[in-house]
Undergrad: 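Below you'll find the structure I mean.
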There are 2 protein chains.
Amino acid sequence: MKLGDGVEQALHCVLMLSGLPAGQVLAAPALAEFHGVSPSYLLKHLQALSNAGILQSVPGPRGGYRLARPAGRITLLDVVLAVEGPEPAFRCAEIRQNGPSPLAPRFFKKPCAINAAMLRAERAYREELRKVTLDMLASPPDSELGAAISARACGFFAQRARNAPPSPSH
Amino acid sequence: MKLGDGVEQALHCVLMLSGLPAGQVLAAPALAEFHGVSPSYLLKHLQALSNAGILQSVPGPRGGYRLARPAGRITLLDVVLAVEGPEPAFRCAEIRQNGPSPLAPRFFKKPCAINAAMLRAERAYREELRKVTLDMLASPPDSELGAAISARACGFFAQRARNAPPSPSH
DNA sequence: GTTAGGCTACTCGGATAGCCACTGTCCGAGTAAAGTGGG
DNA sequence: CCCACTTTACTCGGACAGTGGCTATCCGAGTAGCCTAAC
């Protein structure tokens, strides 16, 4: 049970993009520099987020990435599934069917109790992630931490954010 | 996010051992043959379960494995953690500290909101697995499926199970 | 017949190669802006 | 002065190697049972 490091990068990126002023985009190299990670590798995950419909990519010069829908409608589960893939962590190989005296095939229609329990646990995991939307993760601006984060992000936005078509599609 | 295949093997093995009559043990080759998996590889995970205190190993001829405590006191979480390791799936690398304008170190005392949310979700996952004990997974003996499973296991026990010291230690 | 000794065979335990997925990187297709020449 | 074209530079997108962990395997340490031989 191990999540790739790209998940954290993707989460921080979408969280940062959630604070971006409307009508502006941020390029992948800027995001990579801000987080101190490899631009090429981050681009890989940004593509996955774009393909999943979470981010919207604007090609060409002054292009970049932007949230495809409001932060309140993007959950942590969306981001994790987009990066890690939708398949569940526990995959039952049905080893009951192996061995010298396998059960009759008609018993295999329903998943075994072990598989059911594991999937139920993973369902709880995903449900917990589904409850959390991006706007919940922004630190309260009245706190010292929130103010510092906002200041850092705004300063970086003023330096690197670019204007782009307000809503090109849909 | 992916669990190793060994988890399923370990779960099926402990579930089978939970139905073993008291005072008997089952050897690793027998468990491997019953489930149709590699004996050497299964042995690796049985060792992990033994080191975790879930199974009890009896060395020598007529030796084998047995549950170290009643099935009602063994949870799925115990087995999963023994095989996969105790560290959480999401590890925050604190990439906030990277980049050109990192936050002040005093803000890093508390984990970021992302890390907190991910750990909370994983906590729910583990809590769900902790609720399920081995005796809950045994199919009800009055059902057709339960009867078939019991018959298969008992037949295999009569063929491969061996007597061993009733309770050597503790 | 009984018993002590040695032997054998079977078990678990840890240390050792092989392979796949994640990590990290590169170059190509596409596009908006800027520069340039002509009208 | 205005406009259309070319060039440029920057962006995203997909295809290509490197490495760590899971997969699979082997041989060694230890022990219970069995055989043998002496008493």
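Note on naming: letters A, B, ... go to the chains in the order of the sequence lines (proteins, then strands), and numbering restarts at 1 for each one.
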Undergrad: Does A:Arg162 put a side-chain nitrogen or oxygen below 4.0 Å from OP1 or OP2 of D:dT11?
TA: yes

Undergrad: Would you call B:Arg91 and A:Glu8 a salt bridge, using N to O less than 4.0 angstrom?
TA: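 Judged by the 4.0 Å cut-off on N to carboxylate O distance, B:Arg91 and A:Glu8 do not form a salt bridge.
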
Undergrad: Should the pair A:Glu122-A:Arg126 be classified as a salt bridge under the 4.0 Å nitrogen-to-oxygen rule?
TA: yes

Undergrad: Measure from the side-chain heavy atoms of B:Pro61 and tell me the nearest of D:dG30, D:dC12, C:dC26.
TA: D:dG30

Undergrad: OP1 or OP2 of C:dA9 less than 4.0 angstrom from a side-chain nitrogen or oxygen of B:Arg62, does that happen here?
TA: no

Undergrad: Between A:Tyr65 and B:Leu42, just flag the one whose closest nucleotide in DNA chain D comes earlier from the 5' side.
TA: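 Its nearest nucleotide lies further toward 5', so the answer is A:Tyr65.
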
Undergrad: I want to check one thing: is the phosphate of D:dT11, taken as OP1 and OP2, less than 4.0 Å away from some side-chain N or O of A:Ser57?
TA: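 No, no such contact exists.
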
Undergrad: Given C:dT11, D:dG13, C:dG14, identify the nucleotide with an atom nearest to the side chain of B:Ala27.
TA: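 Selected nucleotide (nearest to the side chain): C:dT11.
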
Undergrad: Among the candidates C:dG14, C:dC12, C:dC26, find the nucleotide nearest to the side-chain atoms of A:Ser40.
TA: C:dC26

Undergrad: So what does B:Leu46 hit on the nucleic acid, given a heavy-atom distance under 4.0 Å: a base, only sugar-phosphate, or nothing?
TA: nothing

Undergrad: Would A:Val83 and A:Leu15 show up in the same hydrophobic cluster when neighbours are defined by side-chain heavy atoms closer than 4.5 Å?
TA: yes

Undergrad: Side-chain contact, heavy-atom cut-off 4.5 Å: A:Phe157 with A:Leu20?
TA: yes

Undergrad: Applying the 4.5 Å side-chain criterion to the ILVMFWY set and letting contacts propagate, would B:Val25 and B:Leu42 be lumped into a single cluster?
TA: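 No, separate clusters.
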
Undergrad: Could you tell me how far apart A:Arg66 (CZ) and D:dC12 (P) are, to the nearest whole angstrom?
TA: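 Whole-Å distance recorded here is 13 Å.
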
Undergrad: Sequence neighbours left out, what passes side chain to side chain donor-acceptor pair (under 3.5 Å) with A:Asp78? Give chain and number order.
TA: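 For A:Asp78, the residues satisfying side chain to side chain donor-acceptor pair (under 3.5 Å) (neighbours in sequence not counted) are A:Arg69, A:Thr75.
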
Undergrad: Using the side-chain heavy atoms of B:Ser38, tell me which of these nucleotides is nearest: D:dG14, D:dT25, C:dC10.
TA: D:dT25

Undergrad: Each nucleotide in nucleotides 16-23 of chain C should get exactly one letter: B, S or -. Can you fill that in based on protein heavy atoms under 4.0 Å?
TA: -------B

